[in-house]
Every structure is written in C-alpha cells, then in structure tokens.
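Below is one structure; the comments refer to it alone.
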Amino acid sequence: MNENNINENETGKSNFIKDIIREDLKTNKNDGVVATRFPPEPNGYLHIGHAKSICLNFGLAAEFSGTCNLRFDDTNPSKEETEYVDSIQEDVRWLGFDWEDRLFYASDYYEQLFDFAVLLIKKGKAYVCDLTADQMREYRGTLKLPGKESPFRNRSVEENLDLFNKMRSGEFKDGEKTLRGKIDMSSGYIVMRDPVLYRIQRTTHHRTGDAWCIYPMYDFAHPLSDAIEGITYSVCTLEFENNRPLYDWVVNEAEAAHKPRQIEFARLNLSYTVMSKRKLLELVTKNYVSGWDDPRMPTIAGIRRRGYTPESIRDFAERIGVAKADNMVDIALLEHCLREDLNKKAQRVMAVIDPVKVIIDNYPDGQVEYVEAVNNPEDENMGKREMPFSKELWIERSDFMEVPAKGYFRLSPGAEVRFKHAYYIKCVSVDKDSSGNIETIHCTYDPVTRGGWSEDGRKVKGTIHWVSAAQAVTAEVRLYEHLFIKENPDDLAEGEDYKANLNEDSLKIVENVFIEPFVKDFKAGDRFQFDRTGYFCIDKDSSEDKFVFNRTVSLKDSWGKTANKSA
RNA sequence: UGAGGCGUCGCCAAGCGGUAAGGCACCGGGUUUUGGUCUCGGCAUCCCAAGGUUCGAAUCCUUGCGCCUCAGCCA
C-alpha cells in the first residue's frame, strides 16, 4: 500500500500538498530538497488559523526530512511592531516547533531586493510611475474592463534607473512615485496590470529604522524572499491564488537561482469565533475582551491562557486536514481534541462551584479524617492523595433535588449516594431560609462504607463530589462560553455588524468556589480536572491570597442534555 | 461570453475508472467510585444537476447550477 511512499517519516493522513511533494521527490525535481517557511507579518497576534499553517509547514518539513524557516514578512512598517514579532516567536515555540537558526526577516533582504528591482528596470520590465493612487485606480480598469497604460510606462531605462535611485535617496515625497512592473494592463489577473513593486513611505521600520524610505510590496518581496532562502514549497492560503502568476513572473524576471512553487490551501474557519486580524484587533482595542490573551480569543495566546495544550492543537490541525474547499470547522472538534488529551494527563481534584452546605449529623463534631483519592483513573502512575473529610461539607447545588426528576440519581431526601472516595451518604432533612431556599442539607453517613464501597453489595447509583468546608481553598472561577452566539458571526441581518453577534454571557465570574486543599501547591498554568465538572487551569491573575481558575472546557454532560430535553 | 478557484453525510475529509475510508456531531446498548473515560452498534444505494463515454464513473467528456477570491502605493 505504501510502496510509493518514499519517505518513512511520513505521519498522519495525506493531502494534496504531500501528493505534490511525493511526486517531486520521485522525479527528483528539487534534488530531494523540501524547504518550507512560515511567513507571518508581525502586525498582530497569531491565531488558531495560523496554527494550522504552522503545523502544515513545519509538519511537511519534518515528514520529508526538510527544513522550515520562520520568516517575518515585514514590508509595511506602518503596521508592524516588535511586540508582535516577540509574541509570534513565543507562540510558534509553544506549539512545539523549532526553526533552529533559521529566523529571517524580509527586511534582511532589502538591499538584495533593491538590486533585483534594478535588474528588472534594466531589462525593461519595471518603470517609475508618477500616477497618483487615485489615477492608478482609474487606469487599472475594472474586473470586466481592461485597464489602460500609464503615460510613464515607456520611460527609458536610464531615466527609470535615475528616478528609482532618487526614490531611494529621498528626493520625492511619500506617494509621489512608485516603481511598477511592466506586465499587461489588460490581463484578466488584475494583479498583473502593472503592479506596484515599491512605494515611498517615510515610516520608521521596527528593524531597519530610517535607513529606507522606499519599501517593497508583498508581491515583490515575498517570492524573492522565498527564492533567496531556497524555499521549494511556498504554501499559502487560497486568497493568494490570484497572485500566483505575479509570484512566478517576479521569480522568473528576477532570474532567481531557485524557483519556489506556490501552493494554496483553504484557511481555517472555526464556528462561533472570528479569525480576521482586523476583527481580532478591534475586539482588543475596543475592549470587548481583556486583551490578545483573553481566554475567549482564538489567538494562540488566548487559547494557551485558557488552558489548551499544544498537543491538542497539533492533533486538531492533523484531524481537520488540508484541502482547497472553503470550510467552517465545528469548534466541538477542537474541544474534543482537548478533552482527549487532558483526560489522560489532568490531575483530578474536587471543587464545588455552586455550593450548598451538607452536615453529616452522625459524624463526630470537630473530627477530621483523611481519605485516599485517585489522582487520575486513566494513569495509575499519577498516584494518590489524601483528602480531608469532616462533618461539614460543600456539595454542588445541582447534586441535590428535593423532588428528584425522573432519571435523577443524585442526592434527594431519603436517597443514598456515594461521596466519592469517602462514604455512602443518606439525606435525612433539609433546612430552608424564610423564602424557601435550601440552606443546609442534613445527612447521615455509614461508617462501614469508608472509601466509598460496602461488602454487602448495596448498589449506589450516584457518586458525587464534595469538599470539606473547614479545609477548603476559596477561589474565583471564570466560566467561558463561545465568544459569539452564531456559528458564523458574519451571518448578519441587514445593516448589522459582526459585533452584534457577540455573546454577552461569554464570561461568567464565580466567586467563592471551594476546592480541596491539594491545589495549594500549584502555580499559574497548571491544569486540573475538577471531578465531574470540567478541565480548569490556574490563571496568571492568581495571587498569594487568591486563586483564579479558568474553565478550559467542561466535561461532556449527558445528564444535562436529557435534563434539558425534559425541561 | 473579465480572470482564478471550489462543490462527497449536519461539520471536516479520504477517494485519482472497478462499484462511497475515517474523525467530530448525533442516536441507542454495555462497563464504570466522574451521568466523564472506555466499549459495542446505528448514521451517504449515494458523491451539485442533467446528459454522454464505458462491461463498469464520485472519479473521463459536455452543458448547466451554486459558492468563494481578485479592481490597497495592505499582506
């Protein structure tokens, strides 16, 4: 079956890009070299869509014994900042990828790029144009009508060379002149209608400072950066498909030694969130969220703070595949990947989020005993811990029903349940306040059921979690839900903005959550499963005297589902 | 009658002329000191549509239909 598979490192499922690479390897197209790159523009934080691209590019390199560079496409100083180049590196590393010594910047190539431009001018393939931005738009034509040639299109090579050098030395004002490729003003590919290659812009660049006042455009800098680095597969998203003829034109006319091949794939869309940098930036700057790393954001930084693991994201990237059809992946798949990973790894701990007091009437006053609790039933090696048990405990309000619904097998008057790892407990009575709210549940325990089982074969269907009141750690818990109420936030009524679909309940802060004392020794970033509730991690907002937990994702809840149905 | 892409289960996605993989979601059974996990079973006679070629087509051809992208001196 794998007889055509030349490479033994290949993992996971195949896709059309791997097919192309395999074919090239077979025909020795690039002398067996596989070189990719991840080329972000440092103008924002990376998001889960970038993660797909990162996993793809670094993954291809790993599978085919190649290399993947990290290159910042920093050709527009007015939008780019060092904060972003730092965060991007942190995020790629966190995802688990290593560019070793191959960290590059398009700005590293400005001098070479300039020389390539000079070569194009000398070949009569580029010219300096005086048209204003407005005029250029007019000359460009429309989608259906061809454009017309610039009156500056036929300047002599000498004049173009002179003008281009003067552009560089700052003799013209911003926007006064551009360098354009001389291609075809009637092309169906609008990008081929004499595209701008260089513009004049006096903005301090985050790396080159004020050394340059002309900056190359993406369509010029990107293909040549790829060529300079010897990239074999320049993988990008579908919207650049229209730019491919220009990509090839630039590489060919510049007579680059290496001729990379651009391959486009469909970018990731995730339900109940947005992926556009513009929108994410707006959510941050207008304070709809607390920052780029708000746990509700689809940014790598947000997802990380939320408690996701890099493994789960890589698994997700593998499962969604790589193709060319537009897609909208169900966020439930991402959550599934996370639960699967955390189920195997997370330390279990008992925490009561919506507490109600339980008093064990027949338990000695002031006595505290310690019961043994398994840290992770999926992994014996994670060992056991001791949990304090006493007369006064907290349990989840939803684990008691004075009048049990059909099918409900948790605590209710007269019913017996297991307090996990502790004892069988039976409810005997309930205290209510003046308005009828339950204040205290009185129970009895059966001393012979220590550990949570009995020899008499008594069957106890329900098992609930609890926390001993006196020793409980009090914490704040942040419960998150989808940032948007619609699967596709861009599904809008007439005149609406995507922000109309923001979920007002995406963050619910719960104070006074009681957690077993075991969590005391842990630190920000540590992950847990709160028994029967969900996966949580300690947030960086935690301090000496206050724990803050983020709910990463809840556990699946088939009872909640049926309960909702009958409600 | 501008150009370039894409259309396989609710959502992703294999398939590359030999008679529809897999995952998620969903539904149902079993196990269970998490109504979690695990486990068993169900879930496209059909591949945008209609013609055609072929012994045989989701895969080839034709013609339609639908959706996406492109008119920044952004990337």
Side-chain angles (χ1 to χ4, degrees), chain A residues 13-15 19 39-41 43 73 75-76 78-80 129 131-133 136-138 140-147 174-180 186-193 195-201 214-215 217-219 221-222 236-245 264 266 268 271 277-278 318-337 339-340 343-344 348 350 373-374 377-378 407-410 418-422 424 451-453 460-465 487 529-534 554-563:
Chain A
K13 53 186 184 186
S14 193
N15 59 52
D19 290 344
E41 183 191 12
N43 69 342
D73 245 333
T75 55
N76 185 0
S78 64
K79 291 185 177 178
E80 299 152 7
C129 184
L131 254 29
T132 63
M136 205 178 290
R137 191 177 313 117
E138 279 172 38
R140 190 152 35 227
T142 70
L143 291 178
K144 296 193 175 184
L145 298 173
D174 285 12
E176 191 177 336
K177 284 178 167 47
T178 57
L179 180 74
R180 294 227 261 166
S186 63
S187 174
Y189 288 97
I190 292 184
V191 80
M192 295 296 269
R193 321 241 260 226
V196 171
L197 269 23
Y198 269 89
R199 77 284 215 183
I200 303 173
Q201 188 184 126
I214 59 171
Y215 291 96
M217 299 290 291
Y218 165 87
D219 282 312
H222 193 83
C236 64
T237 45
L238 246 29
E239 65 271 25
F240 292 101
E241 211 152 19
N242 293 314
N243 298 52
R244 193 181 344 132
E264 312 85 9
L268 169 68
S271 60
K277 278 192 180 181
R278 195 209 103 223
E318 179 63 31
R319 293 198 199 207
I320 58 177
V322 177
K324 296 192 71 165
D326 290 333
N327 61 77
M328 170 73 80
V329 176
D330 191 339
I331 197 165
L333 177 59
L334 213 212
E335 296 171 343
H336 168 83
C337 293
R339 290 191 187 103
E340 188 174 273
N343 177 49
K344 289 177 294 192
R348 260 112 252 223
M350 292 201 210
V374 171
E378 305 294 320
Y408 186 83
F409 51 73
R410 273 112 93 155
R418 170 166 40 235
F419 273 32
K420 191 167 184 174
H421 303 312
Y424 285 1
W453 64 284
V460 174
K461 181 81 168 155
T463 298
I464 68 177
H465 57 99
E487 194 172 300
Q529 180 192 112
F530 285 180
D531 267 306
R532 302 205 308 131
T533 307
S554 62
L555 247 33
K556 289 214 287 186
D557 179 15
S558 58
W559 165 248
K561 204 181 279 181
T562 59

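- Residue contacts for A:A323: at a heavy-atom cut-off of 4.0 Å it reaches the sugar-phosphate backbone alone, with no base atom in range.
- Taking the nucleotide of RNA chain B with the nearest heavy atom to each of A:S558 and A:N15, the more 5' of the two is matched to A:N15.
- Atoms CD1 and CG, from A:I214 and A:L197 in turn, are 10.5 Å apart once rounded to the nearest 0.5 Å.
- Taking atom CG of residue A:D557 and atom C1' of nucleotide B:U37, one finds them 14 Å apart after rounding to whole Å.
- Counting any heavy atom pair closer than 4.0 Å across all strands shown, A:L131 reaches a base atom.
- Taking atom NZ of residue A:K79 and atom P of nucleotide B:C73, one finds them 12 Å apart after rounding to whole Å.
- The pair A:R244-A:E264 meets the salt-bridge criterion, with a side-chain N (NZ, NE, NH1 or NH2) lying under 4.0 Å from an Asp/Glu carboxylate O.
- Residue contacts shown for A:D174 are absent, as no nucleic acid heavy atom lies under 4.0 Å away.
- Backbone-only contact: A:N76 has heavy atoms under 4.0 Å from sugar-phosphate atoms and none from a base.
- Within 4.0 Å of A:Y215, counting heavy atoms only, lies no atom of the nucleic acid at all.
- Rounding to the nearest 0.5 angstrom, the gap separating the CG atom in A:N15 from the CD1 atom in A:I320 is 11.0 Å.
- A:S187 contributes a side-chain N or O that, together with a main-chain N or O of A:Y189, makes up a donor-acceptor pair within less than 3.5 Å.
- Rounded to the nearest Å, the gap between the C1' atom of B:U32 and that of B:G15 is 39 Å.
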Distances for protein N/O vs nucleotides 5-8 of chain B N/O pairs under 3.5 angstrom?
{"from": "B:G5", "atom 1": "O2'", "to": "A:E241", "atom 2": "OE1", "distance (Å)": "3.1"}

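- As judged by a 4.0 angstrom heavy-atom cut-off over every strand, A:N43 is placed among residues making no nucleic acid contact.
- Between the C1' atoms of B:G10 and B:G52, the separation comes to 33 Å (whole Å).
- For the P atoms, the distance from B:G22 to B:C9 is 15 Å, rounded to whole Å.
- Taking atom C1' on both B:C16 and B:G72, the two are 40 Å apart, rounded to the nearest angstrom.
- Whole-Å rounding puts the A:Q529 CD to B:U34 P distance at 11 Å.
- Between A:I190 atom CD1 and B:C73 atom C1' there is a gap of 17 Å when expressed in whole angstrom units.
- With A:E340 contributing its side chain and A:H336 its backbone, the two residues share no donor-acceptor pair below 3.5 Å.
- A syn orientation is assigned to B:G72, its glycosidic angle lying within 90° of 0.
- Nucleic acid contact for A:P39: none, since no nucleic acid atom lies under 4.0 Å from a heavy atom of the residue.
- At whole-Å resolution of the value, CD in A:E378 and P in B:C38 are 7 Å apart.
- In this structure A:E378 satisfies the salt bridge (Lys or Arg N to Asp or Glu O under 4.0 Å) test with no other residue, sequence neighbours excluded.
- If you measure from atom CZ of A:R532 to atom P of B:U32, you get 18 Å, rounded to the nearest angstrom.
- Nucleic acid contact class of A:F409 (heavy atoms, under 4.0 Å, all strands): base.
- Residue A:L143 is in base contact, counting any heavy-atom pair closer than 4.0 Å across all strands shown.
- Separating the C1' atom of B:A21 from that of B:C47 is a span of 14 Å, rounded to the nearest Å.
- The partner of B:C74 is absent, by the rule that a Watson-Crick or G-U pair needs both atom distances under 3.5 Å.
- Summarising the geometry, atom CG belonging to A:D531 is positioned 12.0 Å from atom CD1 belonging to A:I464; distances are rounded to the nearest 0.5 Å.
- Nearest-nucleotide assignment on RNA chain B puts the 5′-proximal partner with A:S187, out of A:S187 and A:E41.
- The distance from atom CD of A:Q529 to atom CE of A:M350, rounded to the nearest 0.5 Å, is 11.0 Å.
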Where protein sits on nucleotides 23-31 of chain B, one letter per nucleotide: B base, S sugar-phosphate only, - none, heavy atoms under 4.0 Å: SSSSS----
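- Figure legend. B:U1 is base-paired to no nucleotide; pairs are counted as Watson-Crick or G-U wobble with both atom distances under 3.5 Å.
- Put simply, the side chain of A:R137 never gets that close to the backbone of A:T132: no donor and acceptor are under 3.5 Å apart.
- Contacts of A:G534 with the nucleic acid, taken as non-hydrogen atoms under 4.0 Å apart, are absent.
- The same atom, C1', is picked in B:C70 and in B:U59; the two are 30 Å apart, to the nearest Å.
- A:T132 comes within 4.0 angstrom of a nucleotide base, judged by non-hydrogen atoms across all strands.
- Looking at residues two or more places apart in sequence or on another chain, you find a side-chain contact (heavy atoms from CB on, under 4.5 Å) between A:D174 and A:I200, A:R202.
- Base pairing of B:C26 is made with B:G42, judged by Watson-Crick or G-U wobble geometry with both donor-acceptor distances under 3.5 Å.
- With rounding to whole Å, A:Y198 atom OH is found 12 Å from B:A75 atom P.
- Between the P atoms of B:U39 and B:U31, the separation comes to 16 Å (whole Å).
- Within the 4.0 angstrom heavy-atom criterion, base atoms lie near A:Y408.
- A distance of about 37 Å separates the C1' atoms of B:U1 and B:A14, rounded to the whole Å.
- Across all strands, A:V460 comes closer than 4.0 Å to no nucleic acid atom at all (heavy-atom distances).
- The partner of B:A21 cannot be assigned: no Watson-Crick or G-U wobble pair with both contacts below 3.5 Å exists in any strand.
- Pair check for B:G66 finds B:C6; Watson-Crick or G-U wobble, both atom distances under 3.5 Å.
- Separating the CH2 atom in A:W453 from the OH atom in A:Y424 is a distance of 9.0 Å, to the nearest 0.5 Å.
- A:M136 comes within contact range of at least one nucleobase, with a heavy-atom separation under 4.0 Å.
- One can find a donor-acceptor pair under 3.5 Å joining the base of B:U69 and the side-chain atoms of A:N242.
- Summarising the geometry, atom CG belonging to A:L131 is positioned 6.0 Å from atom CZ belonging to A:R180; distances are rounded to the nearest 0.5 Å.
- Using N1 to N3 plus N6-O4 or O6-N4 for Watson-Crick, or N1-O2 and O6-N3 for G-U wobble, each under 3.5 Å, B:A58 pairs with nothing.
- Of the candidate nucleotides B:U32, B:G22, B:C73, B:G22 has the atom nearest to the side chain of A:K13.
- For A:R137 and B:G72, the shortest distance from a side-chain N or O to OP1 or OP2 is below 4.0 Å.
- Listed by chain and residue number, nothing satisfies the side chain to side chain donor-acceptor pair (under 3.5 Å) test with A:R140 (two or more places apart in sequence, or in another chain).
- Rounding to whole angstrom units, CG of residue A:D219 and P of B:U69 are separated by 18 Å.
- Between A:R410 and the phosphate of B:U34, there is no side-chain N or O to OP1/OP2 separation shorter than 4.0 Å.
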For residues 322-335 of chain A, dump all side-chain donor-acceptor pairs below 3.5 Å to protein atoms at least two apart in sequence or in another chain.
{"from": "A:K324", "atom 1": "NZ", "to": "A:E241", "atom 2": "OE2", "distance (Å)": "2.5"}
{"from": "A:N327", "atom 1": "OD1", "to": "A:N269", "atom 2": "N", "distance (Å)": "3.4"}
{"from": "A:N327", "atom 1": "ND2", "to": "A:R267", "atom 2": "O", "distance (Å)": "3.2"}
{"from": "A:D330", "atom 1": "OD1", "to": "A:A332", "atom 2": "N", "distance (Å)": "2.9"}

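- Proximity of A:R140 to the phosphate of B:G72: a side-chain N or O atom is located under 4.0 Å from OP1 or OP2.
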